[in-house]
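Some notes on the structure that comes next.
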Amino acid sequence: MGSTDIDLDADVVVVGAGMSGLYALKVLRERGFHVVVLEKAPAVGGTWYWNRYPGARCDIPSLEYSFGFDPELEQEWEWTEHFASQPEIERYLNHIADRYDLRRDIRLSTGVRSATFDERSDTWVFETEAGEHLRSRFCVMATGGLSAPHRPDWPGLDTFAGTVVQTSLWPEEGVELEGKRIGIVGNGSSGVQAIPELARLAEHLTVFQRTPAFTWPSQNKPLTDEEQAEVKARYREVRAQQYASPLATANTTGAVIFTFADPDRHILDSTPEEREAALAELGFSASRIWGDTARDLDANEMAVEMFREMVRRTVKDPEVAESLCPDYPLGCKRPILDNGYFETFNLDHVDLVDLRKDPVVEVVPEGVRTEKGLVELDVLIFATGFDAVSGALTRIDIRGRGGRLLREDWADGPRAFMGLGVAGYPNMLICIGPGSVGVLATYPPHIELQIGWISDLLCRMRDRGETSVEVEPDAEAAWCAHVEEAAQGSMFVAPTCHSWYNGSNIEGKPRTFPIYLGGLDRYMAKAREIAKNDYEGFVLR
Ligand code: N01
């Protein structure tokens with residue numbers, strides 16, 4: 001491909017060398033496109049490069065949280081645990097970069113400042129943070145759904161004499177933690193994973209909590225050779241199941257992840273004795289077995305009360321236990337898997353500051369001053385999450401037709417057709433964008449399906465000599481309405497739900513839920529239908 005009258009630096013510029021970017025490069029290069037990947041980090045891996053905090057690991061079985069495109073890779077790669085740690089996944093992604101000779105087309109330490117569509121030539125012009133320019137016909141935004149870090153701007157933070165770090169920007173050289181007085185802010189997946197590990201290292205650990213977490217024991221353990229061999233022997237079947245399932249899962253490994261809800265078992269019809277028996281048998285997981293909690297707030301509250309009961313039974317100090325009890329719907333925030341989270345609060349050198357009762361006043365050189373007093377610290381860690389789903393794109397100056405700015409077009413919330421493209425931004429394709437199943441599905445299979453779809457589109461355009469693909473505004477509007485409708489009644493949009501899923505974790509961000517709840521199977525069926533109907537909803541020319 002390539003234009004006859006302009007010089008292109010690449011057919012396709014891919015932004016990001018995480019899982020999506022690496023796979024996009026592999027596939028598009030194999031299909032004959034000249035691809036250049038621009039990556040802000042000094043290494044490949046995306047999320048698995050940046051989030052290298054103690055305790056970072058995946059909470060999806062390793063044998064499923066991996067690519068299925070190469071049966072030899074699947075057979076050769078050995079996972080050591082049911083839930084792989086960050087270093088292991090980072091090694092896996094580096095292995096992929098080497099195995100398929102991807103590095104020669106990846107420019108590291110190359111952040112993208114702006115991407116501007118040139119209407120005269122149907123091309124994108126990129127400006128990097130170093131001021132270089134590149135031009136390509138297409139761009140694939142492989143920028144990730146949870147990659148734009150968020151850190152609250154606490155007053156006085158710049159006066160702190162110790163070390164300030166974010167879990168999502170953890171330095172490669174590590175952070176001195178042993179024997180230190182550590183404070184950590186945030187109790188989402190990152191904080192909950194880090195807290196037990198930090199407690200092992202710290203002289204003293206203070207957890208600053210605004211909202212208590214729903215988290216379940218992960219029961220992670222080493223993966224035995226037999227368990228691994230069993231899945232590898234039927235990997236094609238496992239992958240087929242993942243590709244065809246709503247969340248790209250196949251429930252393979254022996255680790256007990258969750259006890260899944262039984263649609264016929266209703267908590268509203270249960271007796272106290274039944275609930276007690278469930279607690280005795282399943283512990284924290286007893287809150288998740290009921291079929292009526294996903295869309296009924298009364299049923300949901302009963303399940304939350306079961307969860308709270310487990311917190312009270314686990315955490316010895318009743319006041320700390322009460323602070324750790326969630327008071328919002330189960331299923332609103334992402335479920336977390338932990339390794340001894342609640343038990344950590346029974347340790348003598350671990351304190352909880354409940355920010356709802358004792359808010360932060362300011363950071364001072366010695367530590368954090370709350371209304372009740374000074375917490376002296378050597379290290380202050382923010383595990384305060386991300387400007388999710390849209391943040392990685394709105395932080396780049398993306399200009400489409402007529403100079404319109406994506407950040408402004410999305411001021412009321414991100415809008416995209418199938419999460420793949422945005423009206424007014426021709427030739428820009430997004431991997432796992434707003435309106436796809438995105439962050440709810442297991443990433444590698446979701447990425448394989450979506451990048452496969454994008455590469456088919458680009459091949460068809462090349463075959464027909466087409467240079468522009470653009471989303472029709474009506475198709476985008478209809479899809480966004482469908483996404484909104486699918487979310488109605490779910491806990492993600494419950495008025496009491498405050499989470500990154502609906503944007504309410506970021507001050508000033510509109511509250512919308514740009515994730516498709518219809519499932520990956522239905523999403524991909526729709527994507528295939530679109531392709532079959534000559535890319536209905538897109539204008540190709
Ligand atoms: O971020 P979060 P995360 N003052 O937004 C608190 C994936 N992930 O990085 O709830 C005080 O969940 C905030 O409090 P509140 C996974 O999809 C996966 O932990 O907003 N506190 C919350 O407690 C996950 O869901 C894995 O009131 C403040 C925390 O910071 C997603 O990434 C591991 C605050 C942020 O929690 C994000 O997880 C890690 C403030 N001003 C991440 N601002 C696995 O695979 C925010 N907080 C296991």
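Worth knowing before you read on, the calculation uses all heavy atoms, side chains too, and leaves out hydrogens, waters and symmetry mates. Each ligand, and each atom within it, is numbered from 1 in the order the structure gives.
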Basic-acidic side-chain contact under 4.0 Å: [X], [Y]:
X	Y	result
E129	K40	yes
E301	R308	yes
E371	K357	no
E90	R52	yes

Does ligand 1 have an atom that lies less than 4.0 angstrom from a heavy atom of [X]?
X	answer
L355	yes
R151	no
Q209	no

Closest non-hydrogen protein atom to [atom], residue and atom name please, with distance?
atom	result
atom 47 (N) of ligand 1	T384 CG2, 3.6 Å
atom 24 (C) of ligand 1	S189 OG, 3.4 Å
atom 25 (O) of ligand 1	W500 NE1, 2.8 Å
atom 15 (P) of ligand 1	T211 OG1, 3.4 Å
atom 22 (C) of ligand 1	N187 N, 3.8 Å
atom 1 (O) of ligand 1	G385 CA, 3.1 Å
atom 36 (O) of ligand 1	G188 CA, 3.4 Å
atom 6 (C) of ligand 1	G186 CA, 3.7 Å

Would one find an N or O of [X], backbone or side chain, under 3.5 Å from an N or O of ligand 1?
X	result
R334	yes
Y53	no
Q193	no
W48	no

Side chain, backbone, both or neither: which applies to [X] and ligand 1 if a contact is any heavy-atom pair less than 4.0 Å apart?
X	result
D59	both
A383	backbone
I336	neither
S190	both
V185	side chain
F386	side chain

Side chains of [X] and [Y], donor plus acceptor under 3.5 Å:
X	Y	result
Y523	Q450	yes
E64	T252	yes
D358	T370	yes
T206	D351	no

| request: Evaluate side-chain contact (heavy atoms from CB on, under 4.5 Å) for W48 paired with Y92, printing each intermediate quantity in order. | output: CA-CA 10 Å; W48 298 107; Y92 173 70; over 6 Å; no
| field | Shortest heavy-atom approach to atom 46 (C) of ligand 1 - which of Q86, K333, R57, R210 | value | R210
| said: Ring of F214, cation from K333 - is the NZ or CZ under 6.0 Å from the centre and inside 45° of the axis? | reply: no
| query | For ligand 1, which atoms, with element, lie under 4.0 Å from some heavy atom of P152? | reply | 40 (C), 41 (N)
| message | Closer than 4.0 Å to some heavy atom of L146 - which atoms of ligand 1 meet that? | response | 7 (C), 17 (O), 31 (C), 32 (O)
| CG on L63 to CD on E227, rounded to 0.5 Å | 9.0 Å
| message | Distance check, rounded to the nearest 0.5 Å: E39 atom CD versus L108 atom CG? | response | 6.5 Å
| Below 4.5 Å, heavy atoms only, C-beta onward: do T163 and D378 meet side chain to side chain? | no
| request: Give me the one residue out of F307, Y341, F342, F284 that meets ring pair (Phe, Tyr, Trp, His ring centres under 6.0 Å) with W216. | output: F307
